[in-house]
Every structure is written in C-alpha cells, then in structure tokens.
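All heavy atoms count here, side chains included; hydrogens, waters and symmetry mates do not.
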Amino acid sequence: MGKVKDKSKCCKDKPRCKKCPVTLTRLAEAGFYRRLDKRSFELLVTPKGKALAAARVR
C-alpha cells in the first residue's frame, strides 16, 4: 500500500504525532504496519480511531 518514513527523533508532544517512531513501532506491533528497515514502514491496514489513539498516548 503506502510507505511511511518516521521522524529521526521523537518531539515529545502530547499526544505523540503520527510520524513519531514510537507510534509507528506500536502500530507495527499491532499489525497495521510492516517494518521495512530501521525507519521505514509499509501500511498494511489503515488504523482506525481507537487503535491510533492508543498508539499515540504518552
């Protein structure tokens, strides 16, 4: 589907931004993304509201 590259460093916003490395890692563990390499992810399934909110929580 689509490829996403995360930011190099977390900006420590509250809630975390959508391209934060922590957020994308959590979504990859939940099965929404697949990790291609250290900073690149491929979208498998579009995360809906609750899953995205849970991944972005600080």
Side-chain angles (χ1 to χ4, degrees):
M1 292 199 163
K3 292 183 182 176
V4 178
K5 192 169 196 176
D6 68 359
K7 299 186 321 183
S8 62
K9 185 177 165 184
C10 181
C11 58
K12 309 229 188 297
D13 279 348
K14 194 173 184 178
R16 296 180 193 272
C17 61
K18 293 179 182 179
K19 291 186 77 173
C20 178
V22 176
T23 301
L24 291 175
T25 301
R26 287 177 180 172
L27 289 171
E29 290 173 357
F32 294 102
Y33 285 89
R34 180 173 56 117
R35 187 182 283 270
L36 299 175
D37 58 33
K38 184 175 172 119
R39 291 185 53 206
S40 297
F41 294 85
E42 181 181 21
L43 179 66
L44 299 175
V45 179
T46 305
K48 299 299 177 192
K50 285 190 177 187
L52 187 58
R56 292 178 68 193
V57 80
R58 187 160 271 291

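Distance check, rounded to the nearest 0.5 Å: CG of D13 to NZ of K18 gives 13.0 Å.
L44 and L36 sit in two unconnected hydrophobic clusters of ILVMFWY residues. Membership requires side-chain heavy atoms under 4.5 Å apart, directly or through other members.
By the 6.0 Å contact criterion, NZ on K7 is enclosed, its count of non-hydrogen atoms from other residues, nucleotides or ligands being greater than 12.
Listed by first and then second residue, the side-chain hydrogen bond (donor to acceptor under 3.5 Å, both in side chains) pairs that reach into residues 28-53 are D6-R39, T25-R35, R34-E42, D37-S40, sequence neighbours excluded.
When all heavy atoms are compared, the tightest approach of C11 to C17 is SG-SG, 4.2 Å. Among all heavy-atom pairs drawn from L27 and P47, the shortest one is CD2-CB, 4.2 Å.
Residues meeting the side chain to side chain contact (heavy atoms under 4.5 Å, CB included) test with V22, sequence neighbours left out: R16, C20, R26.
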